[in-house]
K.L.:
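I have a structure here, written as structure tokens, and I will follow up with some questions on it.
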Amino acid sequence: MLFKKFVSLAILAATATAQAAKGKAFDHVFIVFLENTDYSLAASDAGFRALLSKSVLLNNYHGLHHPSQPNYLASIAGDYFSISDDSTHQFDSSYKTVVDLLDAQHLTWKTYQENIPSVCYSGSSSKSLYYRKHNPFVSFDSIYKNATRCNNVVPATQLATDINNGALPNYALYTPNIKNDGHDTTVAYASNWLTGFITPLLTNTKFMNNTLVIVTFDEADDYSDKTNHVLGLLFGDAIKGLENTVDSTYLTHYSLISTVESNWGLGNLGRNDVNKQLSNVIGFVAAKTGYQNVNVTNPPPLN
Ligand SMILES: *[C@@H]1O[C@H](CO)[C@@H](O)[C@H](O)[C@H]1NC(C)=O
Ligand SMILES: *[C@@H]1O[C@H](CO)[C@@H](O)[C@H](O)[C@H]1NC(C)=O
Ligand SMILES: *[C@@H]1O[C@H](CO)[C@@H](O)[C@H](O)[C@H]1NC(C)=O
């Protein structure tokens, strides 16, 4: 009797966790950041064009500021807090991020950072291919000073292990190294890297588990472009049937947070993740969650 009770409680607990992971449009989101490329250049690149048949093109997606770092900070915190440089900044524990929202619903998360020297490394660069300016997580004490959370800031080599173990987190942000992301190379180098990275994942049934992959660029290369227009692509079994279509919703990096919030009903951070002009939800997700997007006809300058 006691044993039975224990078993049914365990089943209840397991069910609660599984249900929490079920989103309205996806169960896993995997965000990949590329670097410093104008929309027009990426959209005319042969490598990216070849990926369109397998993806949804986001043709109205916008970076928020310059240089790189504020865009990464904004994508997890809903604000870049007036940061306009790539220097080291540390936000005290009162600053919440998307991690707090995910945690509160028992959703799992990780950031995979290519070439980071060790788990939770906080140095600015490894003097090789890793740069802290492209890893926003360690800049928040609410993550960095919490050992459990900081253990989720891992080298990208961990990804294959996690996939094989059926342990793909609900939310992941993947930062390619300074060459693979196009920063120190070219747009063709970045599209070639992405093709090699994404192609095996698209047929990996352990990765494709109602998974939405969002690929974007942190910022446009042209600082005079007030729209900071960059390319976005969606992949994964969560977009099945939508391949080779275009989503023209006006999106920004704040949409990376609002889309996650809307999918899982996470509440919000009360920052620009609730600024209606800057936080539309990705089109097919909004359609499934009932989120009301707005037509943005006069956006603020984003350069
Ligand atoms: C530290 O992280 C764990 C796991 O995410 C969380 O449950 C806990 O509340 C956090 N502690 C603080 C002080 O924020
Ligand atoms: C798919 O994801 C769910 C959580 O969303 C998890 O419970 C399950 O083990 C995953 N399946 C595989 C094959 O990874
Ligand atoms: C946005 O514009 C489109 C096309 O003009 C229109 O169909 C849609 O209703 C508008 N949406 C809102 C929220 O105003």
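Order of appearance sets the numbers: ligands from 1, and atoms from 1 within every ligand. All values below come from the heavy atoms of this structure, side chains included, with hydrogens, waters and symmetry mates left out. All values reported here derive from a predicted model rather than from experimental measurement.
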K.L.:
Answer yes or no for K22: is there a heavy-atom contact with ligand 2 below 4.0 Å?
P.N.:
no
K.L.:
Going by the side chain to side chain donor-acceptor pair (under 3.5 Å) test, name the single residue among E35, K133, H183 that passes it with S68.
P.N.:
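Passing option: E35.
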K.L.:
What residue and atom, counting heavy atoms only, is the protein's closest point to atom 7 (O) of ligand 1, and at what distance?
P.N.:
D103 OD2, 4.5 Å
K.L.:
Could you go step by step and tell me if K145 and D92 meet the salt bridge (Lys or Arg N to Asp or Glu O under 4.0 Å) rule?
P.N.:
CA-CA 9 Å; K145 289 195 171 164; D92 71 46; over 6 Å; no
K.L.:
Among all protein heavy atoms, pick the one closest to atom 2 (O) of ligand 1 and tell me residue, atom and distance.
P.N.:
N146 ND2, 2.4 Å
K.L.:
Check the side chains of D247 and T249 for a donor-acceptor pair under 3.5 angstrom, ignoring hydrogens and angles.
P.N.:
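T249 vs D247: donor-acceptor pair found between side chains.
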K.L.:
Tell me whether H28 has any N or O atom under 3.5 angstrom from an N or O of ligand 2.
P.N.:
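Yes, at least one N or O pair falls under 3.5 Å.
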K.L.:
Are T108 and N170 linked by a side-chain donor-acceptor pair shorter than 3.5 Å?
P.N.:
yes
K.L.:
Hey, is ligand 1 close enough to T148 that some N/O pair sits below 3.5 Å?
P.N.:
no
K.L.:
Scan side-chain atoms only and decide if N209 and T211 contain a donor-acceptor pair under the 3.5 Å cut-off.
P.N.:
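No pair is found: no donor N or O on one side chain lies under 3.5 Å from an acceptor on the other.
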K.L.:
May I ask you to check whether N209 has an N/O atom sitting below 3.5 Å from an N/O atom of ligand 2?
P.N.:
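By distance alone, the answer is yes.
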K.L.:
Between the side chains of D184 and Y189, does any donor sit under 3.5 Å from an acceptor?
P.N.:
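D184 vs Y189: no donor-acceptor pair found between side chains.
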K.L.:
Under 4.0 Å and counting heavy atoms only, is there anything from the protein next to atom 9 (O) of ligand 1?
P.N.:
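Given the 4.0 Å cut-off, atom 9 (O) of ligand 1 does not count as touching protein heavy atoms.
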